[in-house]
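First up is the structure itself, then whatever we jot down about it.
Note that these values count all heavy atoms, side chains included, but never hydrogens, waters or copies made by symmetry.
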Amino acid sequence: MLLLCTLLHFSVDGVCAAVMANYAVSEPEFSRIVYYFGIYNLIAFGGQWLAGLFLDKHKALVVPSLAVTPLLLAGGFFGGIFARTVLVATGNCIFHVAAGIIILERSDTFREPGIFVSSGAVGLALGLYRFVRASYFEALCIMCTAIALLVLRKSHRPSAHHELTHNENFAWLIAGALMLLVCVVLRGFGGSSRVPEYVMLMPCVFMLGKSAGGILCDIIGFRKTILAIFEGLWGAVILTFAFNMTMPLTLRMLHWYFPEYPGLTFGLAAGCLLPGAFFGKYFGVAPVVMSVMQFLSLFAAGYIFVRYRRGKEFFSQLQ
């Protein structure tokens, strides 16, 4: 299932990027390009927390939501640009939340969310720079969706999330979750800069960083991974790599904080990338400073989780 969802993420982001890029190259007015890309980002990322909350309340619709995704993406091939933008953005929004719920609830380690999310950066770059046609991505999306639906229909694996404990510390849990969301905001700003001379380098670094972050967490524990991220300050590529290593930590730890709301927590994390998308070029804080801020946020969130949520016994099992 992880492989299918990873391929789906690659294809979904590829379709969306290619559809929007095909419009952009034929649009002479830059302001209109910015406008429609803004609409796309608001729906695709800003809408995920609403879609996640809805699917958390209606779990029976999670799998059918995957089936709807390629149909919505197909709308990006027809009609006016406004309709195409809304349809592909909605398809992207629904897919990420539905697949995110499946990945988070069917696994309990860091590597799965890291690997799942990693492929989107490469699909996005291939589509955005028109290296691969939107129709090819759509064909892959349809094929993987069909297989995924068959696999999910035959497997009824129970959720791996933990039961709620320490309800009296709910305010602290909110504080810890906010620290994790701050990490995502900073990652959005850190990823808003690009190196145009190496179009495919940064997306590949994003992918490797996200995957490696999850795998390292499982091997050495998230405390040591946080320290490794803090020490990764050697040049733009390594820094970008380190920024993206935080992704599986934030997703999995948010799920640990509120295991009954995987869709909402996944959607909130996605929505926190929006400030970087809209205001990244105006954010004047040095990358090293953002790394320190990320380290402090992760450390605070981890401490709160251990102190007020699961206890030392659970923490020791992660090492």
Side-chain angles (χ1 to χ4, degrees), residues 1-23 37 39-79 82-106 112-113 115-124 126-128 132-155 251 262-267 269-271 273:
M1 198 61 224
L2 176 60
L3 174 61
L4 288 171
C5 286
T6 302
L7 288 174
L8 273 171
H9 192 193
F10 170 79
S11 62
V12 168
D13 279 14
V15 171
C16 295
V19 167
M20 298 304 294
N22 289 339
Y23 155 71
F37 271 77
I39 292 176
Y40 171 83
N41 282 325
L42 283 174
I43 297 174
F45 294 97
Q48 285 192 37
W49 73 274
L50 286 171
L53 184 60
F54 177 81
L55 290 179
D56 286 337
K57 298 296 185 181
H58 303 86
K59 288 294 181 67
L61 297 178
V62 171
V63 174
S65 294
L66 285 182
V68 173
T69 297
L71 299 177
L72 289 169
L73 296 182
F77 296 86
F78 310 100
F82 181 81
R84 281 186 282 156
T85 300
V86 171
L87 286 171
V88 296
T90 303
N92 187 296
C93 172
I94 292 175
F95 162 75
H96 277 84
V97 173
I101 290 174
I102 291 170
I103 292 297
L104 288 174
E105 291 203 324
R106 290 168 64 91
E112 285 85 0
I115 293 172
F116 162 60
V117 176
S118 66
S119 62
V122 177
L124 188 67
L126 289 173
L128 195 60
V132 178
R133 296 177 62 177
S135 57
Y136 296 160
F137 281 120
E138 177 69 10
L140 178 62
C141 180
I142 293 172
M143 180 181 69
C144 290
T145 299
I147 298 173
L149 293 175
L150 289 174
V151 172
L152 288 168
R153 184 178 180 181
K154 293 181 178 180
S155 64
L251 276 183
L264 176 61
T265 51
F266 191 100
L273 294 171

Spell out, as yes or no, whether a donor-acceptor pair under 3.5 Å connects the side chain of Asn92 to the backbone of Val88.
-> no

Measure the acute angle between the ring planes of Tyr40 and Phe45, then classify it against the limits of 30° and 60° as parallel, tilted or perpendicular.
-> perpendicular

Run through Ile147, Leu149, Leu66, Leu150 and flag the one making a side chain to side chain contact (heavy atoms under 4.5 Å, CB included) with Leu4.
-> Ile147

Between Leu126 and Phe137, is any pair of side-chain heavy atoms under 4.5 Å apart?
-> yes

Return the minimal non-hydrogen interatomic distance between Ile94 and Ser65, and the atom names on each side.
-> CG2-CB, 3.6 Å

If every non-hydrogen atom of Cys141 is compared with every non-hydrogen atom of Leu73, which pair is closest and at what distance?
-> SG-CD1, 3.9 Å

How long is the gap from CG on Leu53 to CG on Leu264, to the nearest 0.5 Å?
-> 5.5 Å

Report the distance from atom CG of Asp56 to atom NE2 of His58, rounding to the nearest 0.5 Å.
-> 11.0 Å

Got a sec, which residues hit ring pair (Phe, Tyr, Trp, His ring centres under 6.0 Å) with Tyr23, two or more places apart in sequence or on another chain?
-> Tyr36

Parallel, tilted or perpendicular for Phe266 and Phe116, by the 30°/60° rule?
-> tilted

Sub-4.5 Å side-chain heavy-atom contact between Leu61 and Phe54 | yes

Side chain proximity check, Met20 to Arg84, heavy atoms < 4.5 angstrom | no

Could you state the interatomic distance from CD1 (Ile103) to CD1 (Ile115), rounded to the nearest 0.5 Å?
-> 9.5 Å

Heavy-atom nearest pair, Leu87 first then Gly75, reads CD1-CA, 3.6 Å

side-chain contact (heavy atoms from CB on, under 4.5 Å) between His9 and Val122, intermediate numbers included = CA-CA 10 Å; His9 192 193; Val122 177; over 6 Å; no

First locate atom CD of Gln48, then atom CG of Leu55, and finally report the distance between them rounded to the nearest 0.5 Å.
-> 11.0 Å

Could you list all the side-chain hydrogen bond (donor to acceptor under 3.5 Å, both in side chains) pairs where at least one residue sits in residues 132-150, not counting sequence neighbours?
-> none

Side chains of Phe82 and Ile39: does their closest heavy-atom pair fall under 4.5 Å?
-> yes

Which value, rounded to the nearest 0.5 Å, describes the distance between Met1 atom CE and Leu152 atom CG?
-> 4.0 Å

Is a side-chain donor or acceptor of Ser119 paired with a backbone partner of Thr6 at a separation under 3.5 angstrom?
-> yes

Could you grab the distance from atom CG of Leu8 to atom CD1 of Ile142, nearest 0.5 Å is fine?
-> 11.0 Å

